[in-house]
Amino acid sequence: TTDTQRPDVLVIGGGIGGLSVALALIRQGLRVRLCEQAPAFGEVGAGLQIAPNCTRILHAYGLLDEAVQLGVLPEYMIMKDALNAAELTRVDLKDMERRYGFPYMVIHRSDLHGVLLRGCERAGVELVTGARCAAYENIEGGARVTFDGGGSDEAEIVIAADGLRSVARKLIVDDEPVNSAYVAYRGAIPFERVRANDVHEKDVVLYVGPRCHFVQYPLRDGQMFNQVAVFQSPKALAGEDDWGTPDELDCAFEGTCHQVQKGLPLMWRDRWWRMFDREPLMKWVTGRIALLGDAAHPPLQYMAQGAVMAIEDGWVLGEHVSAQHAKRSEKGSGVDWEKALAAYEAVRPEHCRRVVLTARSWGELWHHVAVEREQRNAVMRARDTYDYSFMDWIYGATALTPDQEPEMYPSIPLDSVEI
Ligand code: FAD
């Protein structure tokens with residue numbers, strides 16, 4: 001990259017996390033350059049659920065209306081048993097919107113990515129593609145990255161939003177992604193193709209089954225329909241390399257209800273996503289290099305908070321920059337980065353640690369077999385539709401400081417349940 005003018009901030013990675021932190025920081029009057037390894041910006045995959053703790057932030061950025069126009073605000077989120085399709089519990093999403101002040105939205109991944117990208121373009125973020133960062137280092141008063149091919153770039157701060165397989169993370173910890181042995185198949189198709197399949201046109205429906213689950217929801221103003229099929233791969237458990245293949249998909253869902261069976265042939269079968277997370281990490285900052293998004297806290301997707309947490313990270317950093325921002329001078333942007341980064345690191349890792357660990361136990365709860373399945377179903381059926389005690393800590397306003405972080409809910413003692 002040619003350095004026309006040194007930016008204040010260099011963001012590595014143009015996924016949802018990178019774009020949203022670029023936007024958060026340019027809104028604070030900083031010069032922001034973002035470098036993405038791919039030759040063009042984009043997102044692969046299908047739908048995303050975006051909870052109120054994130055629509056609140058999109059609203060603050062002035063992007064919520066555009067996002068809602070491209071997405072759907074579903075009416076209910078319903079959990080059913082995948083074997084017999086019996087309803088276990090539901091959330092009234094209109095009531096939830098009243099409680100948290102902002103809607104629960106579902107949106108095509110590429111649409112949300114596009115909303116953020118256009119937001120960055122309008123705000124003047126310098127967007128660079130085809131720039132793969134190979135190394136990060138701290139330098140006097142800032143940090144530097146070196147790209148494949150030899151070029152380099154530097155800024156007062158480098159934000160590494162470089163995803164699950166982050167290069168920057170290695171500066172802080174020498175860990176590896178944790179293989180859950182679960183795999184996801186996805187598929188977003190025209191709604192017409194599922195009209196006869198006994199689907200809910202306006203709801204998010206989750207079928208929880210033995211070692212598998214199936215998710216359905218509408219996309220693009222109801223014109224499209226999103227389906228996600230997730231299951232435990234016997235080949236992964238056996239240590240085979242070739243795991244998660246379509247034959248395993250069909251086996252995993254044998255014995256599930258007709259609603260799920262009808263959905264399976266419509267999944268994309270040429271591509272699947274093996275599910276990894278990482279052990280929680282409490283240190284995200286080293287000098288002037290800070291991790292953000294999946295680079296810092298890749299979750300299993302069961303709480304649907306991965307992209308949401310990435311967007312929250314950027315917003316929190318932006319707010320702390322705003323609080324630590326003196327006047328720009330010839331010396332630089334005027335941000336006290338030590339203070340802003342310390343404030344970021346004081347609050348976000350603990351929140352994300354909770355989400356990453358809760359996502360794991362949420363997955364266990366969904367995938368129970370035999371007696372534990374019956375116990376889970378009894379607990380879910382007993383839940384009041386309007387009981388939000390499991391949600392307040394996650395869907396309420398994003399904490400800026402540790403003392404704002406709410407208490408988590410107690411865990412569910414399944415063995416105390418009568419069935
Ligand atoms: P990424 O999206 O991985 O972006 C990283 C970017 O950095 C990429 O563009 C990559 O090309 C680039 N990059 C990587 N390395 C380099 C490098 N060295 N140099 C330059 N660029 C680099 N989340 C939700 O909130 N709601 C959901 O409903 C939801 N559902 C999900 C369903 C599935 C099946 C899966 C797999 C995930 C789901 N998630 C969901 C999680 C969500 O997709 C991720 O947490 C989120 O996209 C992470 O964004 P990111 O920008 O941090 O990382």
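Counting starts at 1 for both ligands and their atoms, in listed order.
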For each nitrogen or oxygen atom of ligand 1, which protein N/O atoms lie closer than 3.5 Å, and how far apart are they, rounded to 0.1 Å?
| residue | atom | partner | partner atom | Å |
| --- | --- | --- | --- | --- |
| ligand 1 | 9 (O) | Glu36 | OE1 | 2.6 |
| ligand 1 | 9 (O) | Glu36 | OE2 | 3.3 |
| ligand 1 | 11 (O) | Glu36 | OE2 | 2.7 |
| ligand 1 | 11 (O) | Gln37 | NE2 | 3.1 |
| ligand 1 | 18 (N) | Cys133 | O | 3.0 |
| ligand 1 | 19 (N) | Cys133 | N | 2.9 |
| ligand 1 | 21 (N) | Gln37 | N | 3.2 |
| ligand 1 | 23 (N) | Gly306 | N | 3.3 |
| ligand 1 | 23 (N) | Ala307 | N | 3.0 |
| ligand 1 | 25 (O) | Ala304 | O | 3.4 |
| ligand 1 | 25 (O) | Gly306 | N | 3.4 |
| ligand 1 | 25 (O) | Ala307 | N | 2.9 |
| ligand 1 | 25 (O) | Val308 | N | 3.0 |
| ligand 1 | 26 (N) | Gln49 | O | 3.0 |
| ligand 1 | 26 (N) | Ala304 | O | 3.3 |
| ligand 1 | 28 (O) | Gln49 | N | 2.8 |
| ligand 1 | 43 (O) | Arg109 | NH1 | 2.9 |
| ligand 1 | 43 (O) | Arg109 | NH2 | 2.9 |
| ligand 1 | 45 (O) | Asp294 | OD1 | 2.8 |
| ligand 1 | 45 (O) | Asp294 | OD2 | 3.4 |
| ligand 1 | 45 (O) | Ala307 | N | 3.4 |
| ligand 1 | 51 (O) | Ile16 | N | 3.3 |
| ligand 1 | 51 (O) | Gly17 | N | 2.8 |
| ligand 1 | 52 (O) | Asp294 | N | 2.9 |

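- Remark: Glu66 engages Arg118 in a side-chain hydrogen bond (donor to acceptor under 3.5 Å, both in side chains) (not counting sequence neighbours).
- Residues forming a side-chain hydrogen bond (donor to acceptor under 3.5 Å, both in side chains) with Arg27 (at least two apart in sequence, or on another chain): none.
- One side chain, Asp392 or Tyr100, offers a donor N or O that lies under 3.5 Å from an acceptor on the other.
- Side-chain contact annotation: Gln69 with Asp221, donor-acceptor N/O pair under 3.5 Å absent.
- Distance alone, capped at 3.5 Å, places no donor-acceptor pair between the Arg144 side chain and the Asn138 backbone.
- Residues forming a side-chain hydrogen bond (donor to acceptor under 3.5 Å, both in side chains) with Arg109 (at least two apart in sequence, or on another chain): Glu43.
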